[in-house]
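All values below come from the heavy atoms of this structure, side chains included, with hydrogens, waters and symmetry mates left out. As the structure lists them, so they are numbered: ligands from 1, and atoms in each ligand from 1.
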Amino acid sequence: MAEGTFGNPEVIQEEVDILLIGGGMACCGAAYEVMRWAEAAKADSGIDIKIKLIDKAAMDRSGAVAQGLSAINTYIGTEQDPADYARMVSNDLMGITRDDLAYDLGRHVDESVHLFEEWGLPIWKTDENGERHDGSKGLPALKDGGKPVRSGKWQIMINGESYKWIVAEAAKKALGMDRIQERVFIVKLVNDKNDPKRIAGAVGFSTRDHKVYVYKFKACLLAAGGAVNLFRPRSVGEGQGRAWYPVWNAGSTYAMAAQAGAELTMMENRFVPARFKDGYGPVGAWFLLFKAKAVNSLGEVYMDRNKEMLNDYPPYGLAAVPASCLRNHLMLKEMKEGRGPIYMDTVTALAALKETLSPREVKHLEAEAWEDFLDMCIGQCGVWVGENIEPEKKNSELMPTEPYLLGSHSGCCGIWVSGPDDLGAPTTEEFTGMPDYLPKGWNWGYRSMTTVKGLFTAGDGVGASGHKFSSGSHAEGRLAAKAMVKFVIDNKDWKPELDTPAEKLAEDIYKPVRTFLEFKDYTTAIDVNPNYITPKMLQFRLQKIMDEYVAGVATYYTTNAHMLAVAEEKLGMLKEDADKMRAKDLHELLRAWENYHRILTAEAHMKHIQFREESRYPGFYYRMDKNFVDEENWKCFVNSVYDKETQKWTVFKRKHVDLVDKSK
Ligand code: FAD
């Protein structure tokens, strides 16, 4: 076919065995691991497994780790074991997580960290005299007994500005650039023509050229991160590109999985991080490494002042480290009762350190405070410089952000996946309202496979776990890769057939472009037209609905059944109008499709909050008509499936079981 044009893209079809969607931590892990097993398969049985990785951006700087990080948040080491880890994950997420997934991750995650170190990531170490060294500086590697500098029980410090670059380089080297395609946005998964409960392909478009790509495959890893910008952000105007969560992960994982028929889990869960105001800079190093406290405007430590409030939420509030949402809950009381702003008391923390450290060591520590931002959130340095903030002299404001949906940080929404088969997870289970065709129990064959045959996920995609962070997402990608190779070998004679012709898929993708071309001359102002809506305006509408009715910042994270009913109606109308989105260029086409993904993700979030008749995550959201945690009736998973034909959701309960003793 001739080269594509704006209105008429070239359609390129390709068949592989395994498609990796995303180029973030999970897919980098998968890319590294998949080749080891694919090469073994070739050597053992002569099967030549074809693999391709697709990223909407450039892998060196794509995904949540794009700017770099200053700590790896999950490293088990010799001090803890995977059961401790599963316990921590469970408590932080108010008791409803899958111990099989957390434990399995806990026993594999350190190997990813050891690989990062081998690939050149500098990890801070303590020497035999207890002295701290930034970077590895010739001390033993972690795997050889090197002692990491821990900023917290699970976190280890790194010089991580180039973290993603290093991890991506290893993935690229393993896979080879001819198996990688960057700047292609995957829009839709395609089910198999002969088996609608199976996945057979995916379709996407180039964000640089007028090309649509249609892939067929036997197995696919969908790991396109979490979701940001469903809610009106606190940043305004030109600042809107700034959010805590990277603005390029638009809910593609959840939306595409839902459309393919995969069972979602805990989509009511969200993360509302309390971060440095306006720059969204990280607080972990300040709390954990510098031992700073957060205070109200009167200088009172609200975690002490309001500690009685934790008694309302046993056992999650009574743990040594109360659940993240409850820490927000105590902060919000201060803000609502007019004792804001909330500050990170950097002045007192640094003064206290000065009492025990030499002036040289203090200077070094101050440099580390700046470096913490420079490593992973340069914008926060901009705020400090612009507002004349010297942390030893002036405290910095903290603020709870707008809500984000994710499954690998301190959140657990995502997709229901098959777990490991050796940890005693239930093989049958109780449920209410679950459609018959869904698998019973927590294992149905291949680790990390969703309830759709051939569709796997990892990182932010895997629900009901959480606290995997960068290292855990990488490890989870590796686990999925190994299982996918097995799946491909077991299905080597199966041929994928798409349920929709490639031309129709391309036609659907380019619809916003065609809408624009058809109507653009109707008015003289390109953005004002009764026949179309710009992606930007549509995004504003979505964010306004979510903010005002689904517990955004406008209502201090509160909602109720009536507000949710209004949201439901308005989202329905938004979906109708979304059909009229225009794309005046490829950039807008990307924005349009991100919006489609956001809308479906937002709808899932709303539906789950509506279904769960309690407030499981106080501080992240409150159902004010059910403002309590109801352990008796709601200590269960809330799961759902979406029917792409009827566009209806079925939401139901699956029983929760503890596999790890939580009384320890
Ligand atoms: P990501 O790494 O975000 O990757 C998603 C990938 O999908 C990207 O390559 C993206 O370009 C691609 N993509 C998205 N949509 C599409 C599409 N439609 N088609 C094709 N490609 C697509 N962890 C730590 O260990 N320490 C920390 O200090 C830390 N701090 C964090 C701070 C922030 C602000 C955030 C958001 C996360 C932080 N994490 C930290 C967690 C860590 O970054 C994530 O757990 C991890 O990146 C998740 O991996 P992932 O592969 O699921 O998603």
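- The shortest N or O to N or O distance between M25 and ligand 1 is under 3.5 Å.
- Residue T74 has no nitrogen or oxygen atom sitting less than 3.5 Å from a nitrogen or oxygen atom of ligand 1, judged on distance alone.
- Residue contacts with ligand 1 for M59 are absent, since no atom lies close enough (heavy atoms, distance under 4.0 Å).
- Checked by distance only, ligand 1 and W244 stay at 3.5 Å or farther apart across all their nitrogen or oxygen atoms.
- Contact between H474 and ligand 1 is absent, with no heavy atom of the residue lying under 4.0 Å from the ligand.
- For N159, the side-chain hydrogen bond (donor to acceptor under 3.5 Å, both in side chains) criterion is met by W124, not counting sequence neighbours.
- Polar contact check, K56 against ligand 1: a nitrogen or oxygen pair lies under 3.5 Å apart.
- Ligand 1 has an N or O atom lying under 3.5 Å from an N or O atom of A71, backbone or side chain.
- With respect to the salt-bridge test (charged N to carboxylate O, under 4.0 angstrom), the residues D84 and R87 qualify.
- In summary, the atoms of ligand 1 found under 4.0 Å from a heavy atom of D460, numbered by their order in the structure, are 48 (C), 52 (O), 53 (O).
- A donor atom on one side chain and an acceptor atom on the other are found under 3.5 Å apart for N249 and Y245.
- Where the criterion is an N or O separation shorter than 3.5 Å, residue side chain and backbone included, I72 fails it with respect to ligand 1.
- At the shortest separation from atom 53 (O) of ligand 1 among protein heavy atoms lies G225 CA, 3.6 Å.
- For F469, the ring-ring contact (aromatic ring centres under 6.0 Å, His included) partners two or more places apart in sequence, or in a different chain, are H409, H467.
- For a threshold of 3.5 Å applied to N or O pairs, the pair formed by L69 and ligand 1 contains no separation below that value.
- Under a 4.0 angstrom heavy-atom cut-off, T253 registers as lying outside contact with ligand 1.
- Shortest contact from atom 11 (O) of ligand 1 to any protein heavy atom: D55 OD1, 2.6 Å.
- In terms of polar-atom proximity, N249 is counted as a contact of ligand 1, with an N or O under 3.5 Å from an N or O of the ligand.
- Ligand 1 does not have K468 within reach: every non-hydrogen atom of the residue lies 4.0 Å or more from it.
- Considering backbone and side-chain N/O atoms, F469 comes within less than 3.5 Å of an N/O atom of ligand 1.
- Checked against a 3.5 angstrom limit, the closest N/O atoms of K164 and ligand 1 fall outside it.
- Counting heavy atoms under 4.0 Å from ligand 1, residue P246 touches it through the side chain alone.
- The pair K143-E111 does not count as a salt bridge, with every side-chain nitrogen at least 4.0 angstrom from each carboxylate oxygen.
- Annotation: K644, atom NZ; neighbour count of heavy atoms from other residues, nucleotides and ligands within 6.0 Å is above 12.
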